[in-house]
S.K.: 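Would you mind keeping the following structure in view while I ask a few things?
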Amino acid sequence: MLRASGRSLSRRQFGTLGAAAGATALAGCSASSPKDMDTLQVWGGVPAENGPQAVIDRFQEEHPGTDVTYTPYVNDDRGNLKVNTALQGGVDIDVFFTYGVPNLAMRVDSGLAADVGDLVRAAPELEMFLDTEDPKAMIDGDEITALATTRIPQMVLFNEDLRERAGIELPTQWALEEYLEAIRALADDGKYGTYVLPDLARIELGPNYRLTAQGDSNFSHPAFLQHFDLAAQLIRDGVLYPWSQALARQLEAYQQNNFIAEDFGLWTTAPYSLRFLTDQEEYPHDFRVSAAPVPTVDGNDWNTGEYGAFIQINSKSPKQELAWEFCRFWLLESAQDMARAGYISLLGDVDDDELLDGVLGEDAEQFFDVDSFRRTLFEDQPRMHLDTELTAYTEITQKYEQQRDVCWLLERSPEKAIDTVDKNAQALIDRFEED
């Protein structure tokens, strides 16, 4: 049995790998309800038909007598609450996927994920997950509690009809000023330029941008105020989609609806969104889409995407050996199947062209400017990141989003909003320091 990870998160510094651990202890293996020991239970946020079931079918072929049941959930607040409640309540879950660092920080800190550090260190083919310079796993000392399965670069999508009508040249590299000119040109005839700006502070500052080198709040950095201030002004000017409507329509989860409805002509998103653009039955449209890189800010070019879709083992699962076999198989063998969900897997013997074919799907030329996607996703090699300093991460995220909302609803000045974020973040950090 694997070791459960449940230490209090005071100043977690993931990415500092210590000496090799000794023998793995037996802990955290009980559960509050009977388990079906013959069936591995896997929960994930991707529809089964978009890749997971194909991976599971091949795993079962290689492991005769093993059954795997996949339970999909919607990766939004309600769906993640369902997963958290199930894990905490002892529901039969062996392997689960986590999307986004705030959810990951909460599940790791709550002891919901087993430590797989010894197993990773014993598998040379998984050596990349021991890298602390360019981390792709959640590492705390000797513990490893989550492994990223994919890189999720962000890119800028153009509605080609609207781009050409506005006279915008498709950029292969561009700065923030050029990006702003483009969305202003697209904001015409009852349409908006885009839904939301890419995270300007992230582009400039890169990983762990919320904290200073000393571990204090970094929200006083001018990049955060610039992001709040510029977005508020563009909302006021009718260039960005009104934030009141964005909240009412839950656009953070359903942005594809408004892009396909041509409410805005430019959309910053990740490859997993491309499946909506090839689904003519559910999302009919008659325009093609091109891709461009995220703009640079003052010469800085961190991508706003990240390593993600973390695979984890339930610390209470009594089937952890089999669960690890499944995790290892997924990491090494799922690349081709998961490409159809827009996943660019970190491991697997699949070349860029195969991944691109999987990401864009059949009849790609009908829907996409294929060369622009090849260039943006693969040839330009977006500069990816993973936050590893997770002090009060979930709580700070909540405070940040609260102030972002009142600022972009034009109810509070950007200066007041970001100052409140900074003070709240520092208070949370100080509180965690004392624990």
S.K.: For side-chain hydrogen bond (donor to acceptor under 3.5 Å, both in side chains), just list the numbers for Asp94 and Ser317, CA-CA rounded to whole Å, side-chain angles, deciding distance to a tenth of an Å, and then say yes or no.
M.R.: CA-CA 5 Å; Asp94 303 298; Ser317 168; 2.6 Å; yes
S.K.: A quick test of your reading: do over 12 heavy atoms of other residues, nucleotides or ligands sit less than 6.0 Å from CG of Asp349?
M.R.: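 No.
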S.K.: In Å and rounded to the nearest 0.5 Å, what is the OG1 to CD1 distance from Thr98 to Ile311?
M.R.: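 The CD1 atom of Ile311 is 10.0 Å from OG1 of Thr98, to the nearest 0.5 Å.
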S.K.: Would you find more than 12 non-hydrogen atoms of other residues, nucleotides or ligands less than 6.0 Å from Asp67 atom CG?
M.R.: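 Count over threshold, so yes.
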S.K.: Do any N or O atoms from the side chain of Asn303 and from the backbone of Arg383 form a donor-acceptor pair under 3.5 angstrom?
M.R.: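 No; zero donor-acceptor contacts below 3.5 Å.
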S.K.: Backbone N or O of Arg275 within a donor-acceptor pair of the Thr278 side chain at under 3.5 Å?
M.R.: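 Yes, because the side chain of Thr278 sits within donor-acceptor range (under 3.5 Å) of the backbone of Arg275.
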S.K.: Mind checking ring-ring contact (aromatic ring centres under 6.0 Å, His included) for Phe373 and listing every partner two or more places apart, or none if nothing turns up?
M.R.: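 With sequence neighbours excluded, Phe373 shows a ring-ring contact (aromatic ring centres under 6.0 Å, His included) to Phe368, given in chain and number order.
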S.K.: Is there a side-chain hydrogen bond (donor to acceptor under 3.5 Å, both in side chains) between Asn300 and Arg202 once you walk through the steps?
M.R.: CA-CA 9 Å; Asn300 297 289; Arg202 177 70 78 183; over 6 Å; no
S.K.: Between Asp422 (side chain only) and Ile418 (backbone N and O only), is there a donor and an acceptor less than 3.5 Å apart?
M.R.: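 No.
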S.K.: First locate atom CZ of Phe129, then atom CG of Leu147, and finally report the distance between them rounded to the nearest 0.5 Å.
M.R.: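 Nearest 0.5 Å value for the CZ-CG distance: 5.0 Å.
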S.K.: For the pair Phe224 and Phe219, name the ring-plane relationship: parallel under 30°, tilted 30 to 60°, perpendicular over 60°.
M.R.: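 Answer is tilted, since the angle falls between 30° and 60°.
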S.K.: Please check if the side chain of Gln320 supplies one atom and the backbone of Ser315 the other of a donor-acceptor pair under 3.5 Å.
M.R.: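 Side chain of Gln320 to backbone of Ser315, a donor-acceptor pair under 3.5 Å: yes, one is there.
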S.K.: Output yes when a side-chain donor or acceptor of Gln336 lies under 3.5 Å from a complementary backbone atom of Glu354, and no otherwise.
M.R.: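 No; judged by distance alone, with no hydrogens or angles, the pair does not exist.
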S.K.: Quick one: which of Tyr192, Tyr195, Trp408 gives a ring-ring contact (aromatic ring centres under 6.0 Å, His included) with Tyr241?
M.R.: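 That would be Tyr192.
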S.K.: Hey, mind stepping through Phe276 and Phe259 against ring-ring contact (aromatic ring centres under 6.0 Å, His included) and telling me if it holds?
M.R.: CA-CA 10 Å; Phe276 301 117; Phe259 182 71; over 10 Å; no
S.K.: Pair Asp216, Gln426 - check side-chain hydrogen bond (donor to acceptor under 3.5 Å, both in side chains), show working.
M.R.: CA-CA 6 Å; Asp216 293 319; Gln426 189 60 52; 3.3 Å; yes
S.K.: If we ignore hydrogens and angles and just use 3.5 Å, is the side chain of Thr150 paired with the main-chain N or O of Ile152 as donor and acceptor?
M.R.: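 Such a contact is absent between Thr150 side chain and Ile152 backbone.
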S.K.: Could you pull out every donor-acceptor pair under 3.5 Å between side chains of residues 263-273 and any protein atom, sequence neighbours left out?
M.R.:
{"from": "Asp263", "atom 1": "OD2", "to": "Asn258", "atom 2": "ND2", "distance (Å)": "2.7"}
{"from": "Trp267", "atom 1": "NE1", "to": "Gln255", "atom 2": "OE1", "distance (Å)": "2.6"}
{"from": "Thr269", "atom 1": "OG1", "to": "Ser273", "atom 2": "OG", "distance (Å)": "2.6"}

S.K.: Which pairs would a plain distance check flag for residues 170-180, meaning a side-chain donor or acceptor within less than 3.5 Å of a matching protein atom at least two apart in sequence or in another chain?
M.R.:
{"from": "Trp174", "atom 1": "NE1", "to": "Pro293", "atom 2": "O", "distance (Å)": "2.7"}
{"from": "Glu178", "atom 1": "OE1", "to": "Ala175", "atom 2": "N", "distance (Å)": "2.7"}

S.K.: When you look at Gln233 and Asp229, which way does the side-chain hydrogen bond (donor to acceptor under 3.5 Å, both in side chains) test go after all the steps?
M.R.: CA-CA 6 Å; Gln233 185 60 52; Asp229 190 22; over 6 Å; no
S.K.: How would you list, by chain and number, every residue that makes a ring-ring contact (aromatic ring centres under 6.0 Å, His included) with Tyr99, sequence neighbours excluded?
M.R.: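 With sequence neighbours excluded, Tyr99 shows a ring-ring contact (aromatic ring centres under 6.0 Å, His included) to no residue whatsoever.
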S.K.: Below 4.0 angstrom, N of the basic side chain to O of the carboxylate: do Asp92 and Lys319 qualify?
M.R.: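 Judged by the 4.0 Å cut-off on N to carboxylate O distance, Asp92 and Lys319 do form a salt bridge.
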S.K.: Would you please name every residue forming a salt bridge (Lys or Arg N to Asp or Glu O under 4.0 Å) with Asp371, sequence neighbours left out?
M.R.: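 Here the qualifying residues are Arg374.
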S.K.: Can you name the residues that form a salt bridge (Lys or Arg N to Asp or Glu O under 4.0 Å) with Glu125, not counting sequence neighbours?
M.R.: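 For Glu125 the salt bridge (Lys or Arg N to Asp or Glu O under 4.0 Å) partners, ignoring immediate neighbours, are Arg328.
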S.K.: If you draw a 6.0 Å radius around CD in Gln381, do more than 12 non-hydrogen atoms from other residues or ligands fall strictly inside?
M.R.: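 Counting other residues, nucleotides and ligands, CD of Gln381 stays at 12 neighbours or fewer.
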S.K.: Compute the ring centroids of Trp330 and Phe97, then answer whether they are less than 6.0 Å apart.
M.R.: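 So the answer is yes for these two rings.
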S.K.: Between the side chain of Asp109 and the main-chain N/O of Met106, is any donor-acceptor distance below 3.5 Å?
M.R.: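 No; zero donor-acceptor contacts below 3.5 Å.
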